[in-house]
Visitor: 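To start, I am sharing the structure in question, which I have written as structure tokens.
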Amino acid sequence: MARADPAEHAMIRMELRRFTARCDMQEGLLQRADGLREVARLTSIQLPYKLSNEIEARDAQRRVAFKAEERARELIVEQVDAFRRSAGDYQEKLRGKMREDWANLTGPLSHLRSWANSKLLAAEQNQ
């Protein structure tokens, strides 16, 4: 019934454009994020209820999650490489810092914790 109303349809389209622009902005911010805490914060973008049936809105939200996962993986690989290049006591400090950073991986990024731990384990075994 609400779709039959042209004013309501126009409002939904306007809200959709606003939401996709916000998602595009989040993607840009994710590319510049320099820490996992910031990536996790930028990942959680709420879909307005009015747009829950709109495919474009869900695609934009999914794109943000994908970009966040990509950036988080890049940051984790950088951390593991720094661990691999370090030596001695500094490795212990880095290991603690990495585990603390990985605790920030929550919500849609929580599956990356086990991936990060496997990368760290592989780096430890290759030394």
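Sequential numbering from 1 along the given sequence is applied to the chain's residues. Side chains are part of it too, since the values below use all heavy atoms of this structure and drop only hydrogens, waters and symmetry mates.
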Visitor: Tell me, do Arg58 and Arg62 make a side-chain contact under 4.5 Å, heavy atoms counted?
Guide: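 Arg58 vs Arg62: side chains touch.
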Visitor: Please evaluate residues Arg13 and Glu54 with respect to the criterion salt bridge (Lys or Arg N to Asp or Glu O under 4.0 Å), reporting the C-alpha separation (whole Å), side-chain torsions for both, the decisive distance (0.1 Å), and the verdict.
Guide: CA-CA 9 Å; Arg13 298 310 299 166; Glu54 299 295 325; 3.5 Å; yes
Visitor: Any non-hydrogen side-chain atom of Pro48 less than 4.5 Å from a side-chain atom of Glu15?
Guide: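 Counting from C-beta outward, Pro48 and Glu15 do come under 4.5 Å.
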Visitor: Would you check if Arg22 and Arg18 make a side-chain contact, meaning some heavy-atom pair closer than 4.5 Å?
Guide: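 Contact flag for Arg22/Arg18 side chains = no.
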Visitor: Enter the distance from Glu38:CD to Leu75:CG here, rounded to the nearest 0.5 Å.
Guide: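 Rounded to the nearest 0.5 Å, the CD-CG separation comes to 9.5 Å.
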Visitor: Can you name the closest pair of heavy atoms from Leu30 and Val64 and give their distance?
Guide: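 Looking at all heavy atoms of both residues, the shortest contact is CD1-O, 3.6 Å.
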Visitor: Considering non-hydrogen atoms only, spot the tightest contact between Ile76 and Ala116 and give its length.
Guide: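 So the minimum-distance heavy-atom pair works out to CG2-CB, 3.7 Å.
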Visitor: Is the shortest side-chain heavy-atom distance between Arg99 and Asn117 below 4.5 Å?
Guide: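 The answer is yes, as the side chains (C-beta and beyond) meet within the 4.5 Å cut-off.
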Visitor: Give me the atom names and distance for the closest heavy-atom approach of Arg71 to Ala33.
Guide: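 Reported closest heavy-atom pair: NH2-O, 2.7 Å.
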Visitor: If you take all heavy atoms of Glu56 and Leu16, which pair is closest and at what distance?
Guide: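 That would be OE1-CD2, 3.6 Å.
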Visitor: What pair of heavy atoms forms the shortest contact from Leu109 to Ala40, and how long is it?
Guide: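 Closest heavy-atom pair between Leu109 and Ala40: CD1-CA, 4.0 Å.
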Visitor: Quick one: pull up CD in Glu69 and CH2 in Trp115 and give me the separation to the nearest 0.5 Å.
Guide: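 Those atoms lie 9.0 Å apart.
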Visitor: CG/Asp24 to CG/Leu29 distance, rounded to the nearest 0.5 angstrom?
Guide: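 Result: 11.0 Å between the selected atoms.
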Visitor: Hey, does the side chain of Arg63 reach the backbone of Cys23 with a donor-acceptor pair shorter than 3.5 angstrom?
Guide: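 No; zero donor-acceptor contacts below 3.5 Å.
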Visitor: Indicate yes or no: at least one non-hydrogen side-chain atom of Leu105 is less than 4.5 angstrom from one of Ser110.
Guide: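 Not in contact.
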Visitor: Side chains of Glu92 and Lys97: closer than 4.5 Å at any heavy-atom pair?
Guide: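 They are not in contact (no side-chain heavy atoms under 4.5 Å apart), so the answer is no.
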Visitor: Would you say that Arg41 contacts Leu36 through its side chain, given a criterion of any heavy-atom pair below 4.5 Å between the two side chains?
Guide: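 Arg41 does not reach Leu36 side chain to side chain.
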Visitor: Transitively linked via ILVMFWY side-chain contacts under 4.5 Å: Tyr90 with Val80?
Guide: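 Tyr90 and Val80: one cluster.
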Visitor: Give the cluster check for Val77 versus Val39: same hydrophobic cluster or not, with ILVMFWY residues linked at side-chain heavy-atom distances below 4.5 Å.
Guide: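 Yes; Val39 is reachable from Val77 via cluster members.
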Visitor: Go through the steps for Arg73 and Glu70 under the test salt bridge (Lys or Arg N to Asp or Glu O under 4.0 Å), then give the verdict.
Guide: CA-CA 5 Å; Arg73 285 181 189 267; Glu70 274 185 346; over 6 Å; no
Visitor: Got Arg37 and Asp101 here, is their nearest side-chain heavy-atom distance under 4.5 Å?
Guide: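 Side chain of Arg37 against side chain of Asp101, heavy atoms only: no contact under 4.5 Å found.
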Visitor: Verify salt bridge (Lys or Arg N to Asp or Glu O under 4.0 Å) between Asp81 and Arg85, making sure each step is shown before the conclusion.
Guide: CA-CA 6 Å; Asp81 285 342; Arg85 288 189 307 262; 5.0 Å; no
Visitor: Taking all non-hydrogen atoms of both residues into account, name the closest pair between Gln79 and Trp102 and its distance.
Guide: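 It is OE1-NE1, 2.9 Å.
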Visitor: Has Gln91 got a side-chain atom pairing as donor or acceptor with Phe83's backbone, closer than 3.5 angstrom?
Guide: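 Answer holds: yes.
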Visitor: Distance check, rounded to the nearest 0.5 Å: Thr43 atom OG1 versus Ile45 atom CD1?
Guide: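 So the OG1 of Thr43 and the CD1 of Ile45 are separated by 10.0 Å.
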Visitor: For atom CE of Met11, decide whether the heavy atoms of other residues, nucleotides or ligands shown that lie under 6.0 angstrom number more than 12.
Guide: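 Check fails, neighbour count at 12 or below.
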Visitor: Give every residue pair that meets the salt bridge (Lys or Arg N to Asp or Glu O under 4.0 Å) criterion with at least one member in residues 116-127, sequence neighbours excluded.
Guide: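 Listed by first then second residue: Arg95-Glu124.
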Visitor: Donor-acceptor pair, distance only, cut-off 3.5 Å: does the side chain of Gln26 make one with the backbone of Leu42?
Guide: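 Yes, the answer is positive, given that a donor and an acceptor are paired below the 3.5 Å cut-off.
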Visitor: Nearest 0.5 angstrom please: Leu121 CG to Asn126 CG, how far?
Guide: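 Output value for this atom pair is 9.5 Å.
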